[in-house]
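Please read these numbers as outputs of a predicted model, since none were measured by experiment.
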Amino acid sequence: MDAALITALQGAAPTIVHLVTVTLSGATVRWLDTGGSGFVVWGANTYSAEDATYGALGAIGAVEDGADGQATVCDLTILCDGTAMALWIDPARQGSRVTIHVGAVNPATGLLIGEPELIFRGELDQPRLAVGRGQTLIFDCITEEARMLEPNDEQRLTDSFHKSVWPGELGYDKVTELEQTVFWRADDPRGSIVSGGSGGSGTRGVSR
């Protein structure tokens, strides 16, 4: 962590801010969770509490470290109108990169003290509509590690996926005890055991 930032955070009453960057396809949203400053400039970019197109940042959920097979999670509360809501719930937004930095501001000048520290780097996962007077959207954010923890045996242990990684490899093409549906009037696979009864379609346990 930046030395000047450490000193500021250890002060009597530090003005702490969080800078949220959401990188969308064709746009970048830069929000400021303010501790008393209307906006801050970091490098060539300006962070403010509200974006003219994508709405205002309502709150940042606690960044919680994962444990026992869980990854780090966080959520963003977005206050938005109907137009912004339609933009956020577009399925193409899922997977967009999200970073959260913590920093400190000099209340006399409005300038950042030192360099903000990265505390979360992840991606947008699922939006949830909160019931209330206004339109509030809560976006769950997860880290890249969460994708690694998702069960995907049913995707990896398939012939099509196997060949996409190792073209021409026939390991899963020749797997035994594979169930196949054989439609009426179609020839049974060689070496198959019919389990669907006579007439009509049935499921065969194929042993090759």
(message) Grouping I, L, V, M, F, W and Y whenever their side-chain heavy atoms are under 4.5 Å apart, do Ile142 and Ile138 come out in a common cluster?
(response) no
(message) Could you go through Leu24 and Ser96, starting from their C-alpha distance and side-chain angles, then the distance that decides it, and tell me whether this counts as side chain to side chain contact (heavy atoms under 4.5 Å, CB included)?
(response) CA-CA 6 Å; Leu24 305 172; Ser96 298; 3.5 Å; yes
(message) Minimum heavy-atom separation for Ile100 and Leu118, please, with both atom names.
(response) O-CD1, 3.6 Å
(message) Using every non-hydrogen atom in the two residues, find where Cys141 and Leu124 come nearest and quote the distance to one decimal.
(response) SG-CD2, 3.9 Å
(request) Mind checking the CD1-CZ spacing from Ile60 to Phe120? Nearest 0.5 Å is all I need. (result) 10.5 Å
(request) Verify side chain to side chain contact (heavy atoms under 4.5 Å, CB included) between Arg121 and Val98, making sure each step is shown before the conclusion. (result) CA-CA 6 Å; Arg121 181 181 64 193; Val98 178; over 6 Å; no
(message) Let me check something: do Leu79 and Ile89 share a hydrophobic cluster, defined by ILVMFWY side-chain heavy atoms less than 4.5 Å apart, either directly or through other members?
(response) no
(message) Let me check something: do Val102 and Leu111 share a hydrophobic cluster, defined by ILVMFWY side-chain heavy atoms less than 4.5 Å apart, either directly or through other members?
(response) no
(message) If you define the side chain from C-beta out and look only at heavy atoms, does anything of Leu137 sit under 4.5 Å from Arg128?
(response) no
(message) How long is the straight-line distance from CG of Leu19 back to OG1 of Thr46, given to the nearest 0.5 Å?
(response) 10.5 Å
(request) Flag the pair Val17 / Leu112 as yes when at least one side-chain heavy-atom distance between them is below 4.5 Å, and no otherwise. (result) yes
(request) Output the distance between atom CD1 (Ile16) and atom CG (Asp33), rounded to the nearest 0.5 Å. (result) 10.5 Å
(request) Starting at CG of Leu32, measure out to CG of Asp51 and round the result to the nearest 0.5 Å. (result) 13.0 Å
(request) Would you check if the side chain of Trp88 reaches a backbone N or O of Tyr54 as a donor-acceptor pair within less than 3.5 Å? (result) yes
(request) Return yes if some donor-acceptor pair links the side-chain N/O of Asp90 with the main-chain N/O of Arg93 below 3.5 Å, else return no. (result) no
(request) Can you establish whether the number of heavy atoms outside Arg30 located under 6.0 Å from its atom CZ is more than 12? (result) yes
(request) Measure up the His101 and Trp42 rings against each other and bin them: parallel (under 30°), tilted (30 to 60°), perpendicular (over 60°). (result) perpendicular
(request) Over all heavy atoms of both residues, which pair between Cys80 and Met85 is shortest? Give the atoms and the distance, please. (result) SG-CE, 3.8 Å
(request) May I ask you to check whether His18 and Trp31 place their ring centers less than 6.0 Å from one another? (result) no
(message) Could you measure the distance from the SG atom of Cys74 to the CZ atom of Phe139? Nearest 0.5 Å is fine.
(response) 13.0 Å
(message) Has Glu50 got a side-chain atom pairing as donor or acceptor with Gly55's backbone, closer than 3.5 angstrom?
(response) no
(request) Indicate yes or no: at least one non-hydrogen side-chain atom of Val22 is less than 4.5 angstrom from one of Val20. (result) yes
(request) Please name the pair of heavy atoms, one in Ile113 and one in Val105, separated by the smallest distance, quoted to 0.1 Å. (result) CD1-C, 3.9 Å
(message) The test is side chain to side chain contact (heavy atoms under 4.5 Å, CB included); show your working for Thr136 and Leu129 and say whether it passes.
(response) CA-CA 6 Å; Thr136 303; Leu129 183 62; over 6 Å; no
(request) Nearest 0.5 Å please: distance from the OG1 atom of Thr21 over to the CG atom of Asn45. (result) 7.5 Å
